[in-house]
Amino acid sequence: MDGLIPGALFLIMFALGLNLRDNHFDLIRNRSALLLRVLLGTCVLVPLVAMIILWLPLSFELSQPARLSIALMAVCPSAPLTLRKAGKAGGNAQMAGYLQMVVAIAAIISIPLMAELFTTVFKGQGWEIRPIHVAMNVGQVQILPLLLGLLLRRWLPAWSESAEPFFNKLANLLLLVLVVILVKAFPLLIPFASKNLLALALMAVMVIASLLIGYLLAGPDPKERTTVSLVTSMRNPCLALLLAQINAPQILELKLSILTYLVLTIIFSIPFLNWRKRLAMGT
């Protein structure tokens, strides 16, 4: 699993780069206010909400793995699932892709800064994440494959057009494999969840707050509201697991807690996505 996670993330980001068309770069050039709001929400406000939650006296009853998992998921933006979910829920898949690209690049700076802030505020053991290590890992598994896909799309458009379906299917297959791993890990998640009911409640609050932040920061356009809400709320479990493996490989419960956060994100996003889909269909 440890080797599959970075490999899957690399391929997913490469497929994303192949998917992005040049004519949509107007989003970056002409929608700077929207981009800044998205960056503010997903890279700053969501981690700050987690910090407030973890600062509450009630949260000190959480286990250390649960606290670390909430912090890691909060500071890791840009989930690969966003692009695939946006187009199916009344959102804009291409906008989601470009927002994800911008957020992934910003994560090189935002994750080390937020990690330093969490370390300073909580002085938590096991949270010593070095900025250079974060930048290298984010660059290797997200930025490098994304740029490679973008360059191939620009330099070899015909090949990219023909290869895009294959890499999309391969990326979907790897996502499916990760889902199968998650399902197999489910028997381990149940006892963890039963012992950490307070953590589940606080994770649910985090997911709902993240959706709300994205919804409020988006403009009035319904598709943009759906898209920005997804980009803001869908944290990056692959990157969080990778950082957990690097910084606390001995804490198995930390990985289980990150997977639990992922499951809760999926569960609590379903009613939101169904609502947005019904609005898009005019029902």
Practice task
Starting from the C-alpha separation in whole Å, work towards a yes-or-no answer on side-chain contact (heavy atoms from CB on, under 4.5 Å) for L202 and L62.
Solution key: CA-CA 10 Å; L202 295 181; L62 298 176; 3.7 Å; yes
[X], [Y]: one ILVMFWY side-chain cluster at the under-4.5 Å cut-off?
X	Y	answer
F166	L11	yes
L58	V49	yes
L40	I213	yes
I190	L264	yes
V231	L36	no

Under 4.5 Å between any side-chain heavy atoms of [X] and [Y], yes or no?
X	Y	result
P65	L256	no
L152	F14	yes
R153	E161	yes
T260	L200	yes
L48	L117	yes
L254	L241	no
L216	L212	yes
M203	I70	yes

So does [Y] get a backbone contact from the side chain of [X], meaning a donor-acceptor N/O pair under 3.5 Å?
X	Y	answer
N196	A199	no
S257	E253	no
T42	L39	no

Exercise for the section: Flag the pair E61 and R67 as a salt bridge only when some basic side-chain nitrogen lies within less than 4.0 angstrom of an acidic carboxylate oxygen. Expected result: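 Here E61 does not pair with R67 in a salt bridge, since their nearest N and O are not under 4.0 Å apart.
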[atom1]-[atom2] distance between [X] and [Y], expressed to the nearest 0.5 angstrom:
X	Y	atom1	atom2	value
L262	R235	CG	CZ	13.0 Å
S59	L198	OG	CG	8.0 Å
R37	S32	CZ	OG	9.5 Å
L173	K169	CG	NZ	11.5 Å
R276	T227	CZ	OG1	9.0 Å
L18	S162	CG	OG	9.5 Å

Exercise for the section: Give the intermediate values and the outcome of side-chain contact (heavy atoms from CB on, under 4.5 Å) for residues K277 and T226. Expected result: CA-CA 9 Å; K277 194 181 297 184; T226 301; over 6 Å; no
Heavy-atom closest contact ([X] atom, [Y] atom, distance):
X	Y	answer
S110	A107	OG-CA, 3.3 Å
A71	L54	CB-CD1, 4.2 Å
P77	N236	O-CB, 3.3 Å
I258	M73	CG2-SD, 3.8 Å
F60	L56	CD1-O, 3.4 Å
A15	F167	CB-O, 3.9 Å

Practice task
May I ask you to check whether S210 and S233 show a side-chain donor-acceptor distance below 3.5 Å?
Solution key: no
Handout entry: Mutual orientation of the aromatic rings belonging to Y215 and W275 [parallel < 30°, tilted 30-60°, perpendicular > 60°]
Key = tilted
Exercise for the section: List the steps, then state whether side-chain contact (heavy atoms from CB on, under 4.5 Å) holds for S269 with V207. Expected result: CA-CA 8 Å; S269 65; V207 174; 5.5 Å; no
Practice task
Using a cut-off of 6.0 Å, state whether more than 12 heavy atoms not belonging to W55 lie near its atom CH2.
Solution key: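 No.
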Exercise for the section: Run the numbers on L217 and V38 for side-chain contact (heavy atoms from CB on, under 4.5 Å), then give the verdict. Expected result: CA-CA 7 Å; L217 289 177; V38 171; over 6 Å; no
